[in-house]
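Report on the structure given below.
Chain letters run A, B, ... following the sequence lines, proteins first and then strands; every chain starts at 1. Values below: all heavy atoms of this structure, side chains included; hydrogens, waters and symmetry mates excluded.
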Number of protein chains: 8
Amino acid sequence: MDERLLRRWLADIRGGRRTPGQLIDALARWPTDDLGWARLDTHRALRRGYPEVVLAEGKTADQLERITRRLLRTGSLVLLTRVQPDVAKHLQRSLRFLRYDPASRLAYRAAPKTRPHGLVVVVSGGTSDVPVAEEAAVTLGLLGSRVARLYDVGVAGIHRVLAQWRLLRRAKAIVVVAGMEGALASVVAGLVACPVVAVPTSIGYGASFQGLAPLLAMMNSCVPGVGVVNIDNGFGAACLAHAINRPARTR
Amino acid sequence: MDERLLRRWLADIRGGRRTPGQLIDALARWPTDDLGWARLDTHRALRRGYPEVVLAEGKTADQLERITRRLLRTGSLVLLTRVQPDVAKHLQRSLRFLRYDPASRLAYRAAPKTRPHGLVVVVSGGTSDVPVAEEAAVTLGLLGSRVARLYDVGVAGIHRVLAQWRLLRRAKAIVVVAGMEGALASVVAGLVACPVVAVPTSIGYGASFQGLAPLLAMMNSCVPGVGVVNIDNGFGAACLAHAINRPARTR
Amino acid sequence: MDERLLRRWLADIRGGRRTPGQLIDALARWPTDDLGWARLDTHRALRRGYPEVVLAEGKTADQLERITRRLLRTGSLVLLTRVQPDVAKHLQRSLRFLRYDPASRLAYRAAPKTRPHGLVVVVSGGTSDVPVAEEAAVTLGLLGSRVARLYDVGVAGIHRVLAQWRLLRRAKAIVVVAGMEGALASVVAGLVACPVVAVPTSIGYGASFQGLAPLLAMMNSCVPGVGVVNIDNGFGAACLAHAINRPARTR
Amino acid sequence: MDERLLRRWLADIRGGRRTPGQLIDALARWPTDDLGWARLDTHRALRRGYPEVVLAEGKTADQLERITRRLLRTGSLVLLTRVQPDVAKHLQRSLRFLRYDPASRLAYRAAPKTRPHGLVVVVSGGTSDVPVAEEAAVTLGLLGSRVARLYDVGVAGIHRVLAQWRLLRRAKAIVVVAGMEGALASVVAGLVACPVVAVPTSIGYGASFQGLAPLLAMMNSCVPGVGVVNIDNGFGAACLAHAINRPARTR
Amino acid sequence: MDERLLRRWLADIRGGRRTPGQLIDALARWPTDDLGWARLDTHRALRRGYPEVVLAEGKTADQLERITRRLLRTGSLVLLTRVQPDVAKHLQRSLRFLRYDPASRLAYRAAPKTRPHGLVVVVSGGTSDVPVAEEAAVTLGLLGSRVARLYDVGVAGIHRVLAQWRLLRRAKAIVVVAGMEGALASVVAGLVACPVVAVPTSIGYGASFQGLAPLLAMMNSCVPGVGVVNIDNGFGAACLAHAINRPARTR
Amino acid sequence: MDERLLRRWLADIRGGRRTPGQLIDALARWPTDDLGWARLDTHRALRRGYPEVVLAEGKTADQLERITRRLLRTGSLVLLTRVQPDVAKHLQRSLRFLRYDPASRLAYRAAPKTRPHGLVVVVSGGTSDVPVAEEAAVTLGLLGSRVARLYDVGVAGIHRVLAQWRLLRRAKAIVVVAGMEGALASVVAGLVACPVVAVPTSIGYGASFQGLAPLLAMMNSCVPGVGVVNIDNGFGAACLAHAINRPARTR
Amino acid sequence: MDERLLRRWLADIRGGRRTPGQLIDALARWPTDDLGWARLDTHRALRRGYPEVVLAEGKTADQLERITRRLLRTGSLVLLTRVQPDVAKHLQRSLRFLRYDPASRLAYRAAPKTRPHGLVVVVSGGTSDVPVAEEAAVTLGLLGSRVARLYDVGVAGIHRVLAQWRLLRRAKAIVVVAGMEGALASVVAGLVACPVVAVPTSIGYGASFQGLAPLLAMMNSCVPGVGVVNIDNGFGAACLAHAINRPARTR
Amino acid sequence: MDERLLRRWLADIRGGRRTPGQLIDALARWPTDDLGWARLDTHRALRRGYPEVVLAEGKTADQLERITRRLLRTGSLVLLTRVQPDVAKHLQRSLRFLRYDPASRLAYRAAPKTRPHGLVVVVSGGTSDVPVAEEAAVTLGLLGSRVARLYDVGVAGIHRVLAQWRLLRRAKAIVVVAGMEGALASVVAGLVACPVVAVPTSIGYGASFQGLAPLLAMMNSCVPGVGVVNIDNGFGAACLAHAINRPARTR
């Protein structure tokens, strides 16, 4: 139950459109919903602005189904990350309203549509970084941000990103997804005034050491004001960029 | 020359209070001011929202003096980071308007006062993290953000930070400065909806490996939406937090 | 042969219920039982309080069967860790009394029941950490400790663990199993007076580096008195927690 | 204010020997005592069994003096770790009751004497490890444990430690302090049933990498049940060993 | 062609049992035998005391067959290391005299039998280390050293290795194979006067980091005079131990 | 469109053999050709001397086909690296002119033949390094350099490389491909005056850490003037060696 | 004795201007000049194109003086790197012709002047990188290359380097010196066709880990054809760039 | 008391030249001599072939004096490693018979002269490696090996080491001391049949990472049979080489 929903219910109660008992029922499994082996943080949407999201990696299809079923009872966005295609198929068989996007490996039921705010540009260095970039872009859309994609503009051909300066300057926040030497984050951040969120990816030859090279590079950016998230963590970048982008009102 | 200054001059020209020649003179050494061994990025304030800042480490007192003298000609904020006390003394002898803050090791001439915007809370884990936290807090003030300090609230006594939930929730951005295991970043981020900027510090026993431990911990935060900056980089954290905090208008 | 068993036999001999020859026979393959390629430490139960435990990883099913068969001759607990399901099936075909628990991947024949002592609480950060947590919890039970489980209470929703303060304070020892940034160990340890054993897990995104991140974090805990064991080593944590929990008498 | 003190005051109030007002005054600066730049966790002794301890490294002599002065107001143990001799001299000039032990670099005012419980043996591998071992041993004594020292018994001459088996087996907990390859922890743990706390030290040639080698070795001990603390962290080891050693009653 | 063979041929020529032409033919492809994509070092046996050995990993079965066929033309030992069972089968189909030992993954044709010299003891910490230990032991036998095996005598039950002191002291060189914390190398080296060759293995839980932990531990042994070889490199250890063991005459 | 092609077209226009319209059409998708999810840097050949090359790893067969189809429209060399055999088969079905070399895993359509310049010698340490060496050698040939191969001349039998001194001294650039300890780069560089490009490979036992060992070794070469490229990056080495080798005119 | 000198002497002998005895004398201490504790490689100039250069770090002033005195007897360039000012003073007292450049810490006696060849541009990211850049630039000049300097053009203000495209494109080789995230190497290499030599520097905040971050970044450049040398190794970069720049004739 | 001494005393007793009481007195403080904070392993000479050696680093001058005084009572070699010049001066003031060698930083009283055995060649790569090489060479002489030194023969000028092949082949063991890329160990080992002990040194530019680069290189030598010791550990190398060199008789 997030703030928007809670405000509506309270208004309904004041207006006599709902009884206090209904709200009390809804809050009964709150602020945690205990499944024994899992303890859903149902209070999170109210506290953090978006609900608990489920990392599918390391969980069985059965565990995922039971967690998702509980989450679907709430009126909010339901989101699972890193869902393998076969797991997605399994889930969709019993959970009808769940959608799956193979490019970003996200499974979700969107929240009721509202007008997207602001603008977040998701920039990627190469075609191989696209899955991570899509995880960020699709998540941003689901959270309620307006998104523009600018893919395959690595610094090997720097005219590709310079040509998009105008778009970049319109953004309220920019997510830069890059593997290899991760230089794109510094180059983009040097061109704009808005906050830049950098996502190192594990794409690269041997001495990338599974993303350590771009992680360190982004961390050491000579452009102050770049915030770095974990390797391949498009989802985390989206959460940070959305928190920056949304009007303080809705936080 | 930043956007605010440029707009005023253009208004002055339109109003006949300045001649075009004056602006042309001012733009002559623009967008880079070349000293031979240094090439000041005088275009940065317009592009990034704040001017080039000088990292004093690795530069001689003489080099610093010459760079600072040039920067003082502009009307904007002049800021030097990581200035040792003796270097500061040397600089202040010939550059009168330069102020020095020993706690944060910052030397600066503030820009003309304007009303600070928003609120950034700077949180620190322990007393030993204070120099880094002060680098962030003083920089934030100079850039134009309102700042609140919340120091020595590490997770060993978690009631200290929980007791300040109210203050934290009022922030538009939070900077968390922590060494050792860096857990404070996750704990704070789990309580609020606004973006959190995490600064690992090099404070700790042997297996901290000069800040590697909190860096990795913050990077792996189970709370999505934490942006990490370099070890001990209070300045960089301030830049990111200020970019988040200031109204999009002024970006 | 552990102390309990040895004492009983000696009492039996004194009481004439056994002949000295029987004990001599039992001690014949003692203190090591040499299979040529393996040398079982049959003296361990007497010396350490619990018998040699077999790490199944890196051994063939055939080797495991031969080792287990020998161990079953003793009257004590027989325990194999990290047993894959197919290996377990193979073993159970010829070794009837062996039980297998798939969640913890433990195969065992329990020692004769005795009243469990004390209380060890096993806490886990997320659902993905459960296999490691179960390895700890089931082992603790087999060694003779009373166990309570508190799963999925990571710091992203810190109210989940704070709500269980009462349970935590009743424990004689606590095992905290956590991946990602491993902050849960510090938070729990900060709340209680009993010893805390921390187990980093390999669960996490790229910069976890297979558990290095939580390992370093737990090692650097700002709460003194946390003892760290190897990554994913639920078994080792159980041994340490049990040694803390059991009455000095039985050590 | 720790549990012992609190119970006495409550008894005094019940018995009319103190007025409720006195206790209220004492609790006024509780559970945190805020100095602005430091926030003392005065609640810790009640919660954790021993009070907040001050790490002197990274703090100025002046900060230390002000913190210590506050702590001395309580009736409990006051303890500062990693105190350089000159800082100690500075502190002792104004804080009379503070004692300093140069071997362990600890400064302290002991709590009122009580009978020490149990037995903790502190074992060290070589003479160069003694400062860390002394930090552990002196801290243990101040916390209230009985301590025996067994120094310079490294595995290069393994008969030195085997000869002390009897002493080791009497311990309720053992702290093993070792640099180089850290093998001593495994050897000792293999001989006893009580919990072993291992402290890697930064003593060693180049490939020790400031203690990384013994840290990893202790972490990977083939003897289950070794709890590892941070490099050179004798203080942390003492806290853990004391928590194991003291009767559950006093925890 | 090694020294022994060369001496016999020269004696044969002097005695008229062979013609110079035969030796010239034999030396024609000497000191390197060039296959285009491989350049066999046929001079090695004379220079180093044993012939070039083929690492099978990273070579195709076809490449291995062609190299082996060439090597079989010489009268010396032919040895291939790290041969997978299916590759061995493939090779044995066309190369009849090649034998395969699955435990050590070695394929070979032994040199003509001679009386083995000296004594090398191969010690292993655990059953999982046996494949590496066998690679060392079988290679030592093929090179001409007498070998004794002492397996599964890890320091968790140190009486197992102490009980074999007598055997260890008879050795001219000892190979210690151990994973986990690698402490066995120090313990064994502390007991004897002969050179000890230590082989770290990749056996262990997470923080072994594929053998880095025992490698560093062995490197930092507090017993001077331990020579360390690469992780899992039983073959290299055998070469060093054999070079130590054989009479200087035959080097 | 590279410089050679552009010059010919301009000459054709001047000579009336082509119309300006034809060139304008050709430049229409220039300097980037945007496929939405990929943005081909069609300007690269003119700027860098050779066109954009496609890293097949991390791209789907379908993406590769669409990118390649676009690139084939230009008159220049088309080159894909790290192409798995099955992907190559898929591509060749629809793209007829594409050739595939399994040893180097390169797929390509060569540019129109021209006389090769200079001489680059590709040296490899062992047979297992050949795939990387071939990636370098074939790429060099496609870019237009004359190539000589000198394989399996590792320092274990140093006479193999010393015997080829004459060939090495004729080279304009040398590529040294070596795994294990990577010593070959230093040895070769010490013998010649031309630039040496070193490629560490991931071939080796455990402590190679996937190529880290030769990477560091090459980086630390005591022979100044060795340029190191990424682990296993034969392609990158070829680009650098070709840039050194080709006459400045054609750069 | 380098090739130029040797050719002149041989011409002198042929022309009767020198006697063979004079050359024989000169070659007497050749190809190594043995000082007992040092063995000068006097053959290097002929073999490598420039003479042995002395790394002053780790040598005593006395050792340096004796080595330099020997080298000064040859007619070639004498060069010492990493010379501290006080050591330079010491050397200059007894060795008159030695010059010292404090910015690059080089001490040298130049070879007889010849016309410089080609053009090498030395690019640096920031003012703090200048000492390393100067080591490269001064060495290049001494070896005989024409040099242009382009300092303080880091990617934070990318217009600074783009503005110099023309100069960069005229270079035969470019040396890029950069610390922090080292992105400048990729950006420069993406703009030109000539070979780029990248030098990571140890300038940076904590997570630079003394230059590891830019080293890995440069290694992973998405622009193929960048050759990386050791951290802070301006001298090595100069050797490689000079070898690329000089006409093949003079190699 | 070593074997030689013990045998002489026993012969003396048998021959009536000493009384049993004298031996009993000598064995009284045996096998460990306990100073409280140090426990000398006086049994080591008999067990290991040479007595306990004292690492001076990390011990105070006073501790060293007291330990040395005890050791001087035995008739054997007394050896202290890593002794700083001022500490040596302090020791020599009160301990007359102690000699000090500044090049190797060894302080010692030699054992009674005996004829040296065998031959160990100590090879070093550069002049900066000499202190470590001297630590090995002087120790070898004190232990009783004949030593030859071959310094400054790094692979940058490989003719320097090839020219000494003859000397190398006469050795019973070779110690190779090298920093930077450590290639010399492989090159030397490839030329000879005797065992090679490799010592990486911390000499090198940044990416040597204090000796990690040569350590890994030596570990990964493509020449089997190289035993590696710790970084800068000349003493340990000498112990291993001496154990190899001395006749089995005296072990």
Side-chain angles (χ1 to χ4, degrees), chain B residues 30-48 50-60 62-64 66-68 80-82 132 135 179 199-204 208-216 218-219 228-237 239, chain G residues 85 101-105 121-138 147-165 167 177-184 200-214 217 231-232:
Chain B
W30 203 80
T32 56
D33 190 355
D34 191 349
L35 282 72
W37 46 274
R39 215 167 283 249
L40 303 177
D41 180 2
T42 43
H43 180 256
R44 191 167 301 174
L46 185 56
R47 196 172 73 242
R48 295 269 300 151
Y50 46 84
E52 184 162 10
V53 166
V54 182
L55 172 63
E57 267 178 7
K59 300 202 180 64
T60 65
D62 183 61
Q63 288 177 321
L64 289 173
R66 286 158 70 194
I67 293 173
T68 310
L80 294 84
T81 65
R82 305 284 165 102
V132 177
E135 191 182 81
V199 192
T201 73
S202 53
I203 296 301
S208 152
F209 295 113
Q210 282 80 53
L212 178 63
L215 186 158
L216 290 180
M218 288 165 167
M219 212 89 228
V228 186
V229 300
N230 206 333
I231 298 165
D232 291 337
N233 191 356
F235 168 67
C239 292
Chain G
D101 175 55
S104 60
R105 288 167 302 161
V121 181
V122 178
V123 183
S124 93
T127 307
S128 308
D129 301 320
V130 166
V132 177
E134 276 298 295
E135 190 182 81
V138 174
V147 185
R149 286 157 172 90
L150 186 54
Y151 288 175
D152 196 19
V153 294
V155 299
I158 207 169
H159 59 289
R160 292 180 294 190
V161 69
L162 296 180
Q164 307 291 333
W165 193 331
L167 171 64
V177 179
M180 306 217 163
E181 84 277 56
L184 191 59
T201 72
S202 52
I203 297 299
Y205 277 81
S208 152
F209 295 114
Q210 282 79 53
L212 179 63
I231 297 166
D232 291 336

Best-contacting candidate, B/Gln210, B/Arg82, B/Glu57, against chain G by heavy atom pairs under 4.5 angstrom: B/Arg82
Distance in Å, B/Ile67 CD1 paired with G/Thr127 OG1, rounded so as to fall on 0.5 Å steps: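 The OG1 atom of G/Thr127 is 4.5 Å from CD1 of B/Ile67, to the nearest 0.5 Å.
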Atom pair CG/OH of B/Leu55 and G/Tyr205 - distance to nearest 0.5 Å: 5.5 Å
Heavy-atom closest contact ([X] atom, [Y] atom, distance):
X	Y	value
B/Trp37	G/Val130	O-CG2, 4.3 Å
B/Arg47	G/Ala156	NH2-O, 2.8 Å
G/Ala207	B/Leu215	CB-CD1, 3.6 Å
B/Leu40	G/Asp152	N-OD2, 4.4 Å
B/Asp41	G/Gly157	OD2-CA, 3.3 Å
G/Tyr151	B/Arg39	O-NE, 3.1 Å

B/Glu52 atom CD, neighbour heavy-atom count above 12 within 6.0 Å: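 Buried by this count: over 12 neighbours within 6.0 Å.
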B/Val53: partners by side chain to side chain contact (heavy atoms under 4.5 Å, CB included), with sequence neighbours left out: B/Leu79, B/Thr81, B/Phe235
